Amino acid sequence: QNRMSIAQIATMLEDQGYTVLEIELDRGRYDVEMIDANGMRVEAYLDAATGAVLPYREDDDDRNDRDDDGRGDRDDD
């Protein structure tokens, strides 16, 4: 599958007025942290092939905190 390079993603976002802070490829999509024209910090997920903004799902951040059994990293088990 063809995907846009990090440089292409950064250029596209900068052309839209964002200041890019960080871009990471994560689970087949780009996870981007940037600052908008109003100085607000923004995080977005972009399609790696097209650069289109993907819908944010609340559980995306929770996945990193869970073990394979889905219960989370708890030491009180």
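Remember, predicted model here, so these are calculated numbers, not experimental data.
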Shared ILVMFWY cluster between I23 and V42, side chains joined below 4.5 angstrom? yes

Distance col, row R3:CZ vs Q8:CD, nearest 0.5 angstrom, shows 11.0 Å

So do the side chains of L46 and V53 get within less than 4.5 Å of each other, counting heavy atoms only? yes

Between atom CZ of R41 and atom CG of D36, what is the distance when rounded to the nearest 0.5 Å? 12.0 Å

Closest approach of A48 to G28 (non-hydrogen atoms, all atoms of both residues): CB-O, 3.5 Å

Listed by chain and number, what are the side chain to side chain donor-acceptor pair (under 3.5 Å) partners of T11, not counting sequence neighbours? none

V32 with I6, same ILVMFWY side-chain cluster at under 4.5 Å: yes

Linking I/L/V/M/F/W/Y whenever their side-chain heavy atoms sit closer than 4.5 Å, directly or via other members, would L25 and M12 fall into one cluster? yes

Ignoring hydrogens and geometry, is there a side-chain-to-backbone donor-acceptor pair from Y30 to M4 under 3.5 Å? yes

In Å and rounded to the nearest 0.5 Å, what is the CD1 to CG distance from I9 to D47? 8.5 Å

Would you check if the side chain of N38 reaches a backbone N or O of M40 as a donor-acceptor pair within less than 3.5 Å? no

Looking at CE of M34 and CG of L21, how far apart are the two atoms once the value is rounded to the nearest 0.5 Å? 9.0 Å

